[in-house]
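These notes are about the structure you will find just below.
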Amino acid sequence: MRIFSGIQPTGRKHLGNYIGAIRQYVDGQERGDPAIYCIVDLHAITVPHDPQALRRSVYDTLALLLAAGLDPDRCVLFRQSDMPEHTELCWLLSAVTAYGDLTRMHQFKEKSQRQRELVSAGLFFYPVLQAADILLYRTDEVPVGEDQRQHLELARDVAERFNARFGEILTVPRHRIPEVGAKIMDLQDPTSKMSTTTESTAGVIFIDEEPDEIRRKVRAAVTDPGREIVRSSDKPGISNLIEIMAVVRGVNPADVEREFAGRGYAEFKQAVAEAVVEFLRPVRERYRELRPDEEALERTLADGAERARELARPVLADVRRAMGFGPAVRQPV
Ligand code: AQP
């Protein structure tokens with residue numbers, strides 16, 4: 001089974017990225033044949049970006065993925081911009097992508113509202129490039145957080161429309177969204193997802209955050225009226241902390257509710273903070289060791305791109321041929 005997922009090299013990665021996506025990538029190494037992970041720097045230019053910061057952020061993200069447990073010998077790990085095959089397929093797939101579908105994408109609606117100077121066409125086209133990333137590898141399964149569900153549906157529609165029009169060439173992928181922790185919420189605004197691009201970072205726990213900062217942020221997390229530690233739609237703050245606790249402890253949310261029944265919010269938050277500190281500690285420490293050696297990181301990316309190219313080229317050749325590009329293939333008489 002082929003597994004593929006992409007992660008943007010934007011800003012500092014947070015607990016939501018870790019729980020929703022990165023921990024699934026690590027699991028995928030056991031199941032994927034192969035598991036393919038891409039640092040999607042071409043996606044990062046769909047909002048204003050600083051070229052120097054982008055280059056550094058690719059290394060930050062790679063070091064973090066390695067620190068979290070990705071092993072380049074057990075997965076294919078590469079930088080999207082090293083592979084022009086992605087952008088070529090994006091253009092080819094534009095022929096079978098419905099403009100109307102793109103206008104309905106929630107991410108475009110939200111992110112375009114936040115742009116002050118320019119809403120780029122790239123931001124609108126983001127899901128087509130994402131579909132190309134996935135379909136280029138004949139991917140079966142895509143591990144993502146809940147926020148990517150709609151983009152995945154679009155990628156499936158694009159593959160189905162392509163196959164109906166040009167023949168069964170592309171694999172129609174399915175998403176893999178975790179049952180718990182698919183959408184970690186901002187600690188200060190538990191009705192919005194924890195995100196790289198929120199203006200305040202007070203409710204965002206970064207993966208490489210110092211333990212005391214983590215403790216401070218969890219202590220200050222917005223909670224809800226009442227005293228009970230249970231999940232419920234009128235308790236988004238406590239529900240979020242219960243989910244976080246369940247994932248970092250590797251138990252069910254119901255186990256967390258049982259353990260903390262009758263105890264106060266302050267005690268619960270302290271326990272959550274300590275659990276998160278311990279959960280992230282090994283990743284943070286390993287990240288500090290790996291991040292400085294940019295030459296080694298660059299070598300990892302180059303090796304990964306070579307392996308990715310071997311997988312991508314035959315698929316792109318099939319797509320090109322089916323769409324009528326290149327010389328005619330003569331049938332033997
Ligand atoms: N809050 C979250 N909870 C669970 N999963 C999440 N993901 C993102 N936020 C949460 C998942 O992380 C993966 C990588 O996402 P990305 O490449 O979009 O990286 P990002 O831009 O840093 O993610 P953000 O924070 O979501 O930024 P914004 O809000 O600016 O787009 C994906 O699988 C995603 O589902």
Side-chain angles (χ1 to χ4, degrees), residues 3-28 35-49 53-54 57-58 60-62 64-65 68 70 77 79-80 105-115 120 122-123 126-127 129-130 133-134 139 141-155 173-201 203-209 217 221 236-237 239-241 243-244 246-248 276:
I3 295 178
F4 175 94
S5 198
I7 184 163
Q8 292 196 77
T10 38
R12 281 167 81 188
K13 293 292 142 190
H14 52 74
L15 189 63
N17 298 133
Y18 194 96
I19 290 177
I22 298 171
R23 88 190 149 117
Q24 296 204 82
Y25 300 173
V26 177
D27 284 356
I36 307 163
Y37 302 119
C38 179
I39 299 176
V40 292
D41 52 349
L42 295 171
H43 284 273
I45 65 165
T46 57
V47 292
H49 81 287
L54 177 61
S57 289
V58 171
D60 294 345
T61 307
L62 175 61
L64 204 62
L65 292 173
L70 289 194
L77 182 55
R79 172 170 52 198
Q80 186 186 31
M105 294 292 119
H106 307 309
Q107 182 174 290
F108 175 72
K109 288 183 195 166
E110 283 158 24
K111 289 198 175 176
S112 58
Q113 271 169 11
R114 281 190 256 144
Q115 302 311 312
S120 72
L123 188 60
Y126 184 116
L129 181 58
Q130 187 172 343
D133 298 338
I134 296 165
T139 300
E141 185 179 284
V142 188
V144 282
E146 176 63 40
D147 60 332
Q148 293 300 320
R149 185 186 288 273
Q150 195 187 30
H151 284 173
L152 245 294
E153 283 304 318
L154 184 102
R174 61 180 178 275
H175 59 64
R176 185 180 173 93
I177 296 177
E179 274 176 31
V180 181
K183 193 171 185 183
I184 299 299
M185 309 307 265
D186 187 288
L187 300 186
Q188 284 299 312
D189 173 9
T191 57
S192 304
K193 76 167 185 139
M194 194 176 279
S195 159
T196 324
T197 45
T198 34
E199 283 189 1
S200 160
T201 58
V204 180
I205 295 179
F206 296 107
I207 298 174
D208 64 341
E209 189 110 59
K217 286 181 175 178
S239 302
N240 190 36
L241 292 177
E243 287 231 344
I244 291 174
V247 171
V248 303
V276 172

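Numbering of ligands and ligand atoms starts at 1, following listing order. Counting begins at 1 with the first residue of the sequence. Everything numeric in this text was worked out from a predicted model, so none of it was measured.
- With I184, I177, V40, V142 as candidates, the residue nearest to atom 3 (N) of ligand 1 on a non-hydrogen basis is I184.
- For ligand 1 and G181, the ligand atoms under 4.0 Å from any heavy atom of the residue are 4 (C).
- Of the possible donor and acceptor atoms, none in the side chain of Y126 sits under 3.5 Å from a partner among the backbone N and O of F108.
- For K183, every heavy-atom contact with ligand 1 shorter than 4.0 Å involves the backbone, none the side chain.
- At a heavy-atom distance under 4.0 Å, only side-chain atoms of K111, from C-beta outward, approach ligand 1.
- The nearest non-hydrogen atom to atom 15 (O) of ligand 1, considering only N17, T61, L15, D186, comes from N17.
- Atom 17 (O) of ligand 1 has Q8 N, 2.8 Å as its closest protein atom, hydrogens excluded (heavy atom only).
- When non-hydrogen atoms are compared, ligand 1 lies under 4.0 Å from the backbone of A182 (N, CA, C, O) but not from its side chain.
- Contacts with ligand 1 closer than 4.0 Å are made by heavy atoms of both the backbone and the side chain of S195.
- Listed for the T139 side chain is no donor-acceptor partner under 3.5 Å among the backbone atoms of P173.
- Between Y25 and ligand 1, no pair of N/O atoms sits closer than 3.5 Å.
- Applying the 4.0 Å criterion to heavy atoms of T10 picks out, from ligand 1, the atoms 21 (O), 22 (O).
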Checklist entry - Please walk me through it: do Q8 and H43 pass side-chain hydrogen bond (donor to acceptor under 3.5 Å, both in side chains)? => result CA-CA 7 Å; Q8 292 196 77; H43 284 273; 5.8 Å; no

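- Of the N and O atoms on the side chains of Q107 and D147, not one donor lies less than 3.5 Å from an acceptor on the other residue.
- Of all atoms in ligand 1, numbered sequentially from 1 with element shown, those under 4.0 Å from a heavy atom of G145 are 5 (N), 33 (O), 34 (C), 35 (O).
- Pairs engaging residues 8-28 under the salt bridge (Lys or Arg N to Asp or Glu O under 4.0 Å) rule: R12-D208 [sequence neighbours left out].
- I207 has its side chain within reach of I22: a pair of non-hydrogen atoms, C-beta onward, lies under 4.5 Å apart.
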Please list every donor-acceptor pair under 3.5 Å in which a side-chain atom of residues 184-191 meets a protein atom from a residue at least two apart or in another chain.
from	atom 1	to	atom 2	distance (Å)
D186	OD1	Q188	N	2.7
D186	OD1	D189	N	3.0
Q188	NE2	A220	O	2.9
D189	OD1	T191	N	3.2
D189	OD1	T191	OG1	2.7
D189	OD2	S192	OG	2.7

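- Looking at K13 against ligand 1, only its side chain comes within 4.0 Å, counting heavy atoms.
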